[in-house]
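Note sheet for the following structure.
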Amino acid sequence: MRNLLDLAPVEADRLLREFAVSHGEAAYRGSQVVPHLWQKPVASFAAMTDLPKAFRERLAEHFVLPRLTLETGQRSTDGTRKFLFRLADGQAIETVAIPDDDRMTFCISSQAGCPLQCAFCATGAMGFARNLAVHEIAGQVRELALLDPPVRATNIVFMGMGEPLMNWSAVDVVLSVLNDPKGFGIGARHITVSTVGILPGIEALGRRKEQFRLALSIHAPSDALRQTLMPVNTKYPLAAVIRAAAAFERRVTFEYVMLGGVNDHPEHADQLATLARECGAFVNLIPLHPGGAMGFTPTSPEMIARFARRIRGHGVEVAIRKSRGKDIAAACGQLRVERLRRRPPAGPDDDREVQVA
Ligand code: SAH
């Protein structure tokens, strides 16, 4: 049984056209299935009622459309919604839907857990289980489109659980599913891949012809400090990450979580601005989401504003991110961590095939 939801739309189209012909149907009958996968998704072949019944039955004999099980959903007073999905092997992942004016941004997960162990991040604290498959990443968007009423994404950020560029082979296909007009048809400029700076992944993303956006989790403007917050810095130090950002043809964004008394001194702003100028980056200052890993306090809003002004004083564009979904613990990894306290994890360490940074 072939899983159609692990394929880029063009591949699915080719396969389904061949399948249609080999089962005595016109090729276009195969193409007719494709919009039902992502664009106007349906739960089963039986629901593809614009296709002949016999053909739907043949499809169901040869292909599967695996679902993710929606276990819990929570809604914040600010309209942000958070969803916990259970996967076939028991792993749990989370997705956040953030409405803002006419936009609906989905924050999606690319791994179950995360191997990176950033000191302030709740996902790192839970350890790493495995990479997600294409249908488990794109499936988060599909499942929300299948809700009644549907929740549809206009923007996607890979800022849920995991490090997308350590799961490039799947993320590469997911980007096609998200962007292809026969997939979700979301503009490449509305799709942001966020990374700690996995160099081969940044290069691979840079080779894609579409204008996907790149966000870099910098969080500290010197190797000495970054090392203490992000162990991955040993493998991919700042200078190399900044070089990769400069070589990336599109504009990049720096993500900088404000950690009280740790990375929020005026000289940090100066150093950060210098790095941003080196690669033409836009700086996004992120208020620390309480409930991440222990031991950090948020920088006050006044201090964040002052930090931002100092960066702007260097001629670097900077924004302060609005914190969303605080009341439902919608920060990276928080939902799953909350639930794991009540229910023991389903063997998070049984697949270590993926190389840790
Ligand atoms: N691994 C990728 C994507 C997932 S994290 C990356 O690190 O970029 C998405 C963003 O959320 C990152 O910038 C991460 O550092 C940030 N983040 C993690 N924990 C946070 C917290 N407690 N408060 C605010 N932002 C946090």
Side-chain angles (χ1 to χ4, degrees), residues 80 82 93-96 98 105-128 131-132 137 140 156-168 171 174 191-199 201-202 205 212-220 225-226 228-233 235-236 241 244-245 252-260 262-264 272 281-299 301 304 319-326 328-338 354 356-357:
T80 300
K82 188 176 62 166
I93 56 165
E94 61 179 6
T95 308
V96 181
I98 308 158
T105 302
F106 283 9
C107 179
I108 62 173
S109 296
S110 55
Q111 298 182 314
C114 185
L116 291 171
Q117 311 280 311
C118 298
F120 46 83
C121 177
T123 306
M126 72 175 68
F128 175 63
N131 274 333
L132 300 184
I137 306 173
Q140 296 163 56
I156 301 282
V157 293
F158 284 79
M159 295 185 188
M161 294 163 62
E163 169 50 53
L165 295 186
M166 287 177 65
N167 186 12
W168 176 250
V171 168
V174 171
I191 300 170
T192 301
V193 177
S194 180
T195 179
V196 293
I198 307 296
L199 298 185
I202 295 176
L205 181 65
F212 298 118
R213 291 188 182 274
L214 173 67
L216 292 172
S217 291
I218 298 291
H219 305 324
L225 180 59
R226 197 166 187 260
T228 67
L229 299 172
M230 304 173 69
V232 71
N233 193 71
K235 174 131 187 186
Y236 300 118
V241 175
V252 302
T253 302
F254 282 1
E255 308 284 295
Y256 197 89
V257 177
M258 300 295 294
L259 306 166
V262 175
N263 66 356
D264 60 352
L272 184 61
F282 175 97
V283 176
N284 228 326
L285 300 178
I286 311 172
L288 175 71
H289 233 296
M294 299 293 106
F296 294 97
T297 50
T299 301
I304 296 180
I320 301 169
R321 183 176 296 164
K322 264 192 283 179
S323 211
R324 301 291 302 270
K326 264 192 186 155
I328 56 166
C332 192
Q334 289 184 353
L335 173 62
R336 198 182 121 154
V337 168
E338 255 181 18
V354 181
V356 175

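Numbering starts at 1 and runs along the sequence shown. Every number for a ligand or one of its atoms is a count from 1 in the order of the listing. Computed from a predicted model, the values in this text were never measured in an experiment.
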Checklist entry - Where does the angle between the aromatic ring planes of H219 and Y256 fall among parallel (under 30°), tilted (30 to 60°) and perpendicular (over 60°)? => result tilted

Next on the checklist: Please list, in number order, the atoms of ligand 1 under 4.0 Å from a heavy atom of F158.
Outcome noted: 3 (C)

Checklist entry - For I304, which of T299, D264, I286 qualifies under side-chain contact (heavy atoms from CB on, under 4.5 Å)? => result T299

Checklist entry - If you measure every N/O of E163 against every N/O of ligand 1, is any gap under 3.5 Å? => result yes

Checklist entry - Numbering the atoms of ligand 1 from 1, which are under 4.0 Å from a heavy atom of H219? => result 13 (O), 14 (C), 15 (O)

Next on the checklist: At under 4.0 Å between heavy atoms, is it the side chain or the backbone of V257 that contacts ligand 1, or both, or neither?
Outcome noted: side chain

Checklist entry - Under 4.0 angstrom from ligand 1, any heavy atom of G160? => result yes

Item to check | Least distance between heavy atoms, T123 atom then C114 atom | outcome: CG2-CB, 3.6 Å

Checklist entry - Considering M159, Q111, M166, which one's heavy-atom position lies nearest to atom 9 (C) of ligand 1? => result M159

Item to check | Subset of ligand 1 atoms that lie under 4.0 Å from at least one heavy atom of G162 | outcome: 1 (N), 2 (C), 3 (C), 4 (C)

Checklist entry - For the residue pair L165 and G201, what are the closest heavy atoms and their distance? => result CD1-C, 3.6 Å

Checklist outcome for this item: Between T195 and the options L214, V241, V232, the side-chain contact (heavy atoms from CB on, under 4.5 Å) test singles out L214

Checklist entry - Which atoms of ligand 1 have any heavy atom of L288 under 4.0 Å away? => result 21 (C), 22 (N), 23 (N)

Checklist entry - Counting only heavy atoms, which portion of T195 has something under 4.0 Å from ligand 1: side chain, backbone, both, or neither? => result backbone

Next on the checklist: Give the atom numbers and elements of ligand 1 that come within less than 4.0 Å of a heavy atom of C121.
Outcome noted: 18 (C), 19 (N)

Next on the checklist: Just so I know, are the side chains of P301 and P287 near enough to count as touching, which here means a heavy-atom distance under 4.5 Å?
Outcome noted: no

Next on the checklist: If we count only N and O atoms by modelled type, under 3.5 Å, do the side chains of E163 and S110 hold a donor and an acceptor together?
Outcome noted: no

